[in-house]
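Chain identifiers are assigned alphabetically (A, B, ...) following the order of the sequence lines, protein sequences preceding nucleic acid strands; residue numbering begins at 1 within each chain. Remember, predicted model here, so these are calculated numbers, not experimental data.
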Amino acid sequence: MLVCFDTQAKLFNAETFVLDNGLEVVVVPNRRAPIVKQMLWYKNGSVGEAPGKGGSAHLLEHLMFRGTKKTPGQTFNRLMEENGIESNAFTSLDVTAYHQLLDISRLELAMALEADRMQNLQINKQDFALERDIVFQERKQRIDNNPLAQFGEELRRVLWQGSPYGRPVTGTEEEILNLSPTDVEAYYRQNYIPNRAVLVLSGYLDATVARSLAEKYYGAPDAGKVLSAEQVFPKLKNIRARVDMRLPDVQTPRWLKLFAVSSYGHKPEDVYPLQLLAAYMGGGETSKLYKKLVLRDKKALSVSVDYDPLSQSYGIFSISAVPAAGVRIETLEQALQAAWEESLRELSLDEIQNTKQKMLAGLIYLRDNPEDAAYIIGAMRSAGVPLAEIESQDDKIREVDYHAVRKAAATMMSDAPQVTGILQPEVKDGDAL
Amino acid sequence: MAMRFRGRRRHVLRYWVIVAALLLGSVYFLKSEFPYSEQNKWKNLVEQSTLKNVRFDAKVSEVSGVRSGVSAYLMTDKENPIVSINFLFKNAGYAGDDAREQGIAVMTAVLLGEGAGSYAGSALKEELENRGIRISFAAGKDDFTGSLLTTKENLQKAAEFLNLMLTKPRFEKKDIARVQKQMVNALLRQQENPNQVLALEFNKELFGRHPYAQNPLGKEADILAADDKKLRRFVHRNLITGNLLVGIAGDIDSAEASALLDKMFAGLPRKGSVNFVRPADIDFNGRVRQINRNTGQNVTLKAVRGVARTDADFYPLFVANHILGGAGLTSRLSQKIREEKGLTYGVYTYLQVDDKAPLIVAGFSSTEDKYAEAEKLFVQEWSAFGQNGVSEEELDKAKDYLLASHNLRFASIENVAAMLTAMQKYNLGLDFLQKRNDYIRALTLEEVNRVARKYFVPQMVSARIGTF
């Protein structure tokens, strides 16, 4: 009853080529409507920042909307608006990406503008000061007004043991306030080069048209010197840490455990077994842990397992749970441990077949929306996944032997650096500690 | 991830998302720093582009099930072997919850997915997941909504499952007990985040004794008192073909769609007993509800009276709103408060077109030391807008945005299906997608400024949280 599309079919039917200056271009055709998603991914994020200069990659991302010689002031934003283009950007640990959703008739304009700001950014003092204030406000909004964000930030800081991966992408408040235009310019010159970028064009065009346009608009910038990725790869100790955090606004306890595991950038052969492990254990409400911990034992109100392999260093495997009312955190933790082990014992060929089936059944939806396709391909190419592998995710999932899933679990539990976090309401006066 | 803020869709409820998809737009406040020749150069790039506007028909037709009598708007699209269905039971949203059953609509939406027919426990979810069929329900303020996403291959099976969920829900005791605990826990979690606390308090302040004031998740005592009888009563009274609207998009033709409608909605009663919710009577008298709490930033929400989606003032108001606070970075408010002063990460306004109380909502957040200045600038810009309206140039640019971004709404097949449902809810007609750009082109400066003066009035209702 396996309902999968045939093994010859590619997930996205994408095509790829590389310009003389090293810029990689991926084209994903989708003819539903005459629109295109353009995404330019620089394979550098906050991890590539100089020590003490936390937040410079993100602040630079903001300043990229503040003008070049040819587009002074608000010109870039205004051109986007008057041409009906939805334009935005984001920064993460390993990448910075700029993207637009637009009518096909505006693609050339957007390509010209994106290529222009790859190397012609002009940062004036006044804009710099304003945008620094804005990212400070952004940090306040995203982190300080959200207890769960503070919890997550603290856990990552401990897990990554002082490496750049443990720093907040926004930078700390102190770092933000101390950044100078020179810091940001240094990052810009070093990292915004065509041979460290991937351009994804997803939508109403084919590779022939895309190639001529890419050569026309993105052909000019010269390749730059690429720094070795080894420089930032963290050497983590195999730690077992605990974080017990109490915050005033928290109303109900949370339990969260993070593991630093393999990723697409680091031992990619482990990625698919880990994906299956996460789905088998805690992917949705038919997963093993949900059935045991929530439905049967009634110790938790929710439990889920996630795995993010899109990293140039370690991937993050996480287990999270909310205890049922009246269930102590220690009790939840024991029940979770027991449920995990029970699930491992039950892990069989049939069970993993069933998990694979669920993962494969939803794959086809990924190519529906050109925005999703551009995001997935850009993120995976930036993490170093070959296009052929992106296209054959279904085969990669099918190929996993169930023994490999069991082995991935055992290796993770014994060898992966791991942090257990407990977030609870603040102790009130009179409560026993 | 550190996504830049684009404001307007942050606090927004489901319907607004649909309406935004119908008429998504943005515009900027022109400054005169830009050399004319450069401007022309970029403009030429569009005019000389080898990729021209492609005519895109987006043909919508109406289909009906012969036996069920249920009709739907259909857009056939064969790009991928996928079908998306969106449906909406009018006036069956949570505002219609009986006074002592607050939360029943939301609870029904969750429990319909828990078990149906002979599928007990997790069996139904297993069946759906194994086939990649995604079915979900939600209760908004006004309506009870649902969606189905499936491959073409599993379409018939998906329709059978949906029918089973709508007509033979199990509502088992153990599932009800679990969902009750999850909902009560969700009520607690709402109190952790200042933005959610503010949104709840803002609704109470705005709507007072009107049902819109209630917590979308309901009331703890009512949630705990719910049982299968009450859930079944809700289903029989509300999930009826007499108030059902359906949108179908994807790899399916009209004959298939007609048959599918019968399959999905067979056995639903035509009539029920939907609770009538009165229009909200809000006194916009300038009052401010203040919540003192130690937060990272102060946050505020404000509102004035808006217009219904079907109102003649809707289009001019939509454009006016975009110029003031809907356009993202280039809106007047963003330019003044964010771009020129760095006082906030986001300031925005949007039209909230709920059936019983259409509003224009505004909001921003700023640290304690900068809040007062941001507030002052907000009031200045808002008042100036209400007094003087917009310029011809601003209006032209707004129209440019709305016309050029028209096709972006077709990116996702699920959005298309939801749009087809919204077109029926708001009586926009089968040819809305062909006519919509003409509505935009026809707007005059006079109309836009008439509504700017009429709706952007100084007397608002506000709520704010933080340290003041």
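- Among the candidates B:L45, B:L128, B:V197, the residue making the largest number of heavy-atom pairs closer than 4.5 Å to chain A is B:L45.
- Across A:I104, A:I35, A:D103, a single residue satisfies side chain to side chain contact (heavy atoms under 4.5 Å, CB included) together with B:V54, and that is A:I104.
- At a 4.5 Å heavy-atom cutoff, B:E47 makes no contact with chain A through either its backbone or its side chain.
- Side-chain contact check for A:N354 and A:E351: no donor-acceptor pair (N or O, by modelled atom type) lies under 3.5 Å.
- Your options are B:A411, B:S366, B:G121, B:G466, and the one with the most heavy-atom pairs under 4.5 Å with chain A is B:A411.
- Ranked by non-hydrogen atom pairs under 4.5 Å with chain A, the options B:N53, B:N193, B:I133 are led by B:N53.
- Heavy atoms of B:D77 lying under 4.5 Å from chain A belong exclusively to its side chain.
- A side-chain donor from one of A:R142 and B:Y345 sits under 3.5 Å from a side-chain acceptor of the other.
- Interface check for chain A: of the options B:R178, B:K174, B:K181, the most heavy-atom pairs under 4.5 Å are formed by B:R178.
- Interface residue A:Y365: backbone and side-chain heavy atoms are both found under 4.5 Å from chain B.
- In the model, A:K358 has a side-chain atom that pairs as donor or acceptor with a side-chain atom of A:T286 under 3.5 Å.
- Heavy atoms of B:I82 lying under 4.5 Å from chain A belong exclusively to its side chain.
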